[in-house]
Structure formats: C-alpha cells, structure tokens
Amino acid sequence: MTAFSAFDHAMMRRALALAERGLYSTTPNPRVGCVVTRGERIVGQGWHERAGGPHAEVAALGGIDAQGATVYVNLEPCNHHGRTPPCAQALVQAKVARVVAAMRDPNPQAGRGGDALAAAGIKFQHGLLEDEARELNIGFVSRMTRRRPWVRMKIAATLDGRTALGEGSGANAGRSQWITGPEARRDGHRWRARACALLTGIGTVRADDPQLTVREVETPRQPLRVIVDSRLETPRNARILKGERVLVFAAQAGELPNAEVVTLPNANGKVELPEMLRALAERGINELHVEAGFRLNGSLVREGCVDEFLIYLNASFLGDTAQGMLELAAPASLDARLRLRVVSLERLGDDLRLLARPAASLA
C-alpha cells in the first residue's frame, strides 16, 4: 500500500475543498479540485466550475511553471477529448514530476489518464482520501458504474414518523405545512441545490402545489424538475409547470404545458421506476433528490430505487391518523425489516437531520 505523508494528506484535503466549490454547478460533470506544489509550497490551484469550462488541472496550471511539481487532484485526470482537451496531456506538457489522485475515474470513456501519465515517466499514485472523494462525487460514480443516478429521498416527519395530517383531518389534510423549522428547511434547500434533478409525484403536486425549486440558498442554476404522473393528472395551472421546462414520466401518452412527457408504462399501468432512473442517467443526472408523498416513496423503496434517506425529525407528534413516511407492507418478521445504517446525525435548531442508507448499500 502506498504511504502518503502528512503534507500529501493536507494537500488532498485542500483539493477536495476546492472541488466542493463546484457542488452546485458542475453537473453532469464530477466535482474536481486540483493543487500544484513545489517542495511544500503551493504554486497553483483551481477547480472545475461548470461543464464546458476548464477542468481543475488546467485551471491550476494556468500561468505557472509546473516543471518538476507535484499535483494533487481528487479524481484521476482524464485522457480523452470531450468538450475540453485531455488533462493528462496538459500535465505531461507541463512536465510535472508526480500526480496524486484520490480515486481512479469510473468513467469508462475517460481514457485512464493515470496510465498515460505513468507512460510519460510521471509518477502516478492514487487512493489518498478515496472514501471522501467518492462521497463528494457519489452521484457521478453511480451514473458511471450503475447507469442510474444516486437517489436521495428527503422526508420531514415528526417523532412518530408522520409527515402530514391524514385525510379527513380538517382543511389542511394531506399538507405537510412545514413540519420542521427554518434551519432544517434551509438545509433541505442546500441538498436540493446540489442535486441534478428534483422529483415529486402527482399526489404531492395536487396536495401541496409545490414550486420544487431552490429558494433558501443561492445557487447558480436550478435543478431539473421531474414529476411522476402516470395518468397525466397534473393541473394545467400547477406552479411546478411554470418557469423552466419540466420533465414528466407517465404511463400513457399525452401533453402538458411547458413539459416534456416521457411514456414508460409498467404492467400495472404505472411508471416503470427503474427504467425511469436509467432514462435520467442518460440525460446526465448524477444525483436525484426525491420529495414526494408516502405512496411514491413506498413504491421507490419497494422497487429498490432509493440509495439514501435524508430525514428531518421534528420534536413533535401527530398521532395515528396522520400520514406516514412510506407506504410499505409489514415484513413477515422483524428480521425482514428494511435495515439502515446511519451515515450522519446533526441537530438543526429543534430538528434532527438523519442521513442513512440501506444496510446493503453499495456505498
């Protein structure tokens, strides 16, 4: 196993921090940062800001003499011509001496830039802070290796697992009505902003008339909005149909204003959800953020479409007649229940944010 120094670790952490500056803007590309050093002095740094713009390595090399330098980058430099020239060749031309990557590029079309560097006599190493690098680009890795986005399901609930007043519970039945406080809601919009697409279902559209946009934090772009609407029942005056064009997955052909309708029926007259994920991956969607009702939530979980749960818990109770998080059948035994592993737990005002993944998750 390669031994890395404390300075190597510090520089890779800096590269990861630079990459995170593109958290909201690089889609469909990965988030990448780069640091160039000579001795133990930083002589250049940069990050990839947006698709079509300079890659992190090119930004870091700009205007400096990098001959004999060490380069730290959180993703293996590319070695293919896309919208921009190959970064591996830019490093070869700069005559750097060593390149350290946190992880290899999972993109099969990337050209194995590390091999090209090694062939040119440049020392290439990888595996430094690989777990952190994978987390930062978890959606890109998912799309490249599984041909589907990383699906994150956001749920706001009370301590008894209720998300909205139940049917027949007054004028506000079915409406979540901001169960959580302002800090949790702002945090939820940060997670929206990092996603490539936001998905909801027809039930939520009719009950809450959401805009499904990022509003609580600054963002350079709005994620694609997606509706699962099997029978095309979205009201023509729904707020979600206003603004940027919307993508609708349905089980029957038809039209909606300001929307592209994709027909993907399953045998039950509903939308074929796994095929929907493949279709989104083909459109360059790395991270899909779900904010839907308990029925669609349940369907996505039952069909193995959810990779991560982002759950905000408010210190309150709504009672047995209120809606739950997921529409799931009771397991045959306690051992058969869906088990999760906790990734993180954080307090936000009077709410708790729990990030958890199915115990069998790949990541």
Side-chain angles (χ1 to χ4, degrees), residues 12 15-16 18-20 22-34 47-58 73-89 99-117 124-153 191 194-199 221 223-224 226 247 273-290 300 304-308 343 357-358 360-363:
M12 188 59 76
L16 285 164
L18 288 166
E20 197 167 355
L23 190 66
Y24 300 164
S25 61
T26 64
T27 181
N29 291 353
R31 299 139 181 161
V32 184
C34 180
W47 67 95
H48 181 50
E49 296 185 30
R50 64 185 58 85
H55 285 194
E57 297 92 329
V58 174
V73 61
N74 60 294
L75 188 68
E76 176 184 17
C78 66
N79 191 39
H80 76 296
H81 283 270
R83 298 188 190 184
T84 57
C87 295
Q89 296 308 310
V99 175
V100 181
M103 63 178 288
R104 303 299 296 257
D105 193 333
N107 184 355
Q109 298 179 346
R112 305 298 276 182
D115 297 346
L117 293 170
F124 175 69
Q125 297 170 286
H126 63 91
L128 176 58
L129 301 183
E130 183 171 359
D131 289 344
E132 291 88 337
R134 186 173 294 272
E135 284 293 324
L136 181 61
N137 282 309
I138 197 165
F140 180 76
V141 173
S142 176
R143 183 166 66 89
M144 291 296 110
T145 60
R146 301 189 298 163
R147 297 297 182 264
R148 53 172 274 182
W150 181 262
V151 180
R152 181 178 297 115
M153 178 175 286
W191 288 92
R194 68 171 285 168
C196 306
L198 311 177
L199 181 142
R221 50 107 201 162
L224 172 69
V226 183
L247 181 62
L273 297 175
E275 185 61 32
M276 176 189 74
L277 296 186
R278 286 188 284 272
L280 288 170
E282 290 174 358
R283 292 168 180 262
I285 302 302
N286 294 328
E287 295 183 19
L288 177 64
H289 180 96
V290 177
L300 287 163
C305 295
V306 180
D307 299 303
E308 188 169 67
V343 177
R357 295 171 183 167
S361 173
L362 295 176

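Since the model is a prediction, treat every value here as computed from it, not as a measurement. We count residues from 1, following the sequence as given. Hydrogens, waters and symmetry mates are skipped; everything else that's a heavy atom, side chains included, is used.
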Locate the shortest heavy-atom distance separating [X] from [Y]; write the atom from each residue and the value.
X: Gly52; Y: Asn29; answer: N-ND2, 4.3 Å
X: Pro28; Y: Ala51; answer: CD-CB, 4.0 Å
X: Ala88; Y: Leu117; answer: O-CD2, 3.6 Å
X: Trp150; Y: Asp307; answer: CA-OD2, 3.4 Å
X: Val32; Y: Ala19; answer: C-CB, 3.4 Å
X: Pro30; Y: Leu75; answer: CG-CD2, 3.6 Å

Side chains of [X] and [Y]: does their closest heavy-atom pair fall under 4.5 Å?
X: Met144; Y: Pro108; answer: yes
X: Met12; Y: Val100; answer: yes
X: Val343; Y: Arg357; answer: yes
X: Leu300; Y: Val151; answer: no
X: Pro149; Y: Leu277; answer: yes
X: Asn107; Y: Phe140; answer: yes
X: His55; Y: Cys78; answer: yes

Is there a donor-acceptor pair closer than 3.5 Å between any side-chain N or O of [X] and the backbone N or O of [Y]?
X: Thr145; Y: Val141; value: yes
X: Thr27; Y: Cys196; value: no
X: Glu57; Y: Cys87; value: no
X: His48; Y: Arg50; value: yes
X: Ser142; Y: Arg148; value: yes

Discussion item. Run the side-chain hydrogen bond (donor to acceptor under 3.5 Å, both in side chains) test against Asn286 and tell me which residues pass, sequence neighbours left out.
Written reply: Arg143

Looking at residues at least two apart in the chain, or sitting in another chain, which of them share a salt bridge (Lys or Arg N to Asp or Glu O under 4.0 Å) with [X]?
X: Glu282; value: none
X: Glu130; value: Arg134
X: Glu287; value: Arg31, Arg152, Arg194
X: Arg221; value: none

Can you tell me how far [atom2] of [Y] sits from [atom1] of [X], rounded to the nearest 0.5 angstrom?
X: Asn137; Y: Leu23; atom1: CG; atom2: CG; value: 9.5 Å
X: Asn74; Y: Glu20; atom1: CG; atom2: CD; value: 10.5 Å
X: Leu129; Y: Glu132; atom1: CG; atom2: CD; value: 4.5 Å
X: Leu288; Y: Met276; atom1: CG; atom2: CE; value: 6.0 Å

Practice prompt. Salt-bridge test for Asp105 and Arg112: reply yes if a basic N is under 4.0 Å from a carboxylate O, no otherwise.
Written response: no

Fill in: Listed partners of Tyr24 passing ring pair (Phe, Tyr, Trp, His ring centres under 6.0 Å), at least two apart
none

Item to complete: Quickly, which of Val226, Leu198, Leu199 forms a side-chain contact (heavy atoms from CB on, under 4.5 Å) with Val290? Name it, please.
Response: Leu199

